[in-house]
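What follows is one structure encoded as structure tokens, with my remarks underneath.
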Amino acid sequence: MSSIIDGEKVLCSIITHKNISKSTMATNVFANLISLGVSGRVTDDFKIILTNEKLYLEVSTLSAWGGLRETLYTDKFLREDIKSFKVESKGDEEIIEITTNEDKTMSLVRDNEKNNDLAQVMSTLISKNA
């Protein structure tokens with residue numbers, strides 16, 4: 001991968017999502033009906049980008065106008081601030097759990113239908129330079 005983020009070379013990049021509960025989705029649909037779509041949708045799309053120095057978590061959603069994908073925000077973590085990056089394979093999915101030194105934890109899911117285990121590759125790259 002040769003993409004550049006903030007002058008850094010990207011080592012690995014994966015697309016993930018959160019598992020959203022049915023009750024959260026129902027609440028969101030109801031809020032959108034009442035507000036005529038102004039409240040937006042539940043954010044569940046994430047791109048994890050690894051560079052030599054940082055781990056980026058890019059949060060995106062579909063635009064209310066036209067359905068185009070747009071980035072809401074990007075969180076940046078220094079690699080030394082990543083306490084753990086665990087990956088568990090379950091069928092055609094990789095379950096990713098990221099924990100920071102501040103004990104903030106996020107669980108994400110990556111579709112692994114091609115069985116290329118990219119989340120596991122990213123975990124290996126993170127642990128090599130830890």
Side-chain heavy-atom pair N112, D92 within 4.5 angstrom cut-off: no

Closest non-hydrogen atom pair between E94 and L118, with its separation: OE1-N, 3.7 Å

Atom pair CG (L108) and CZ (F46), whose distance is rounded to the nearest 0.5 Å: 6.0 Å

Same apolar cluster: V121 and I95, side chain cutoff 4.5 Å: no

Between OG1 on residue T100 and CE on residue M106, distance to nearest 0.5 Å: 10.5 Å

Side chain T124, main chain Q120, donor-acceptor under 3.5 Å: yes

Spacing of R110 atom CZ and I96 atom CD1 [to the nearest 0.5 Å]: 7.5 Å

Atom pair CG/NE2 of D111 and H17 - distance to nearest 0.5 Å: 5.5 Å

L55 versus R79, closest heavy-atom pair with distance: N-CG, 4.3 Å

Side-chain donor or acceptor of S84 paired with backbone N/O of K86 under 3.5 Å: no

Y73-L78 co-clustered via ILVMFWY side chain contacts under 4.5 Å: no

Nearest non-hydrogen partners of C12 and M122, listed with the distance: O-CE, 3.5 Å

Separation of F85 CZ from L50 CG (nearest 0.5 Å): 8.0 Å

Over all atoms of both residues, closest heavy-atom pair of S123 and V87: CB-CG2, 3.9 Å

Side chain proximity check, K104 to F77, heavy atoms < 4.5 angstrom: no

Contact check, side chains of D45 and I15, non-hydrogen atoms, under 4.5 Å: no

Between OG1 on residue T51 and NZ on residue K9, distance to nearest 0.5 Å: 12.0 Å

K47, NZ: over 12 other non-hydrogen atoms inside 6.0 angstrom: no

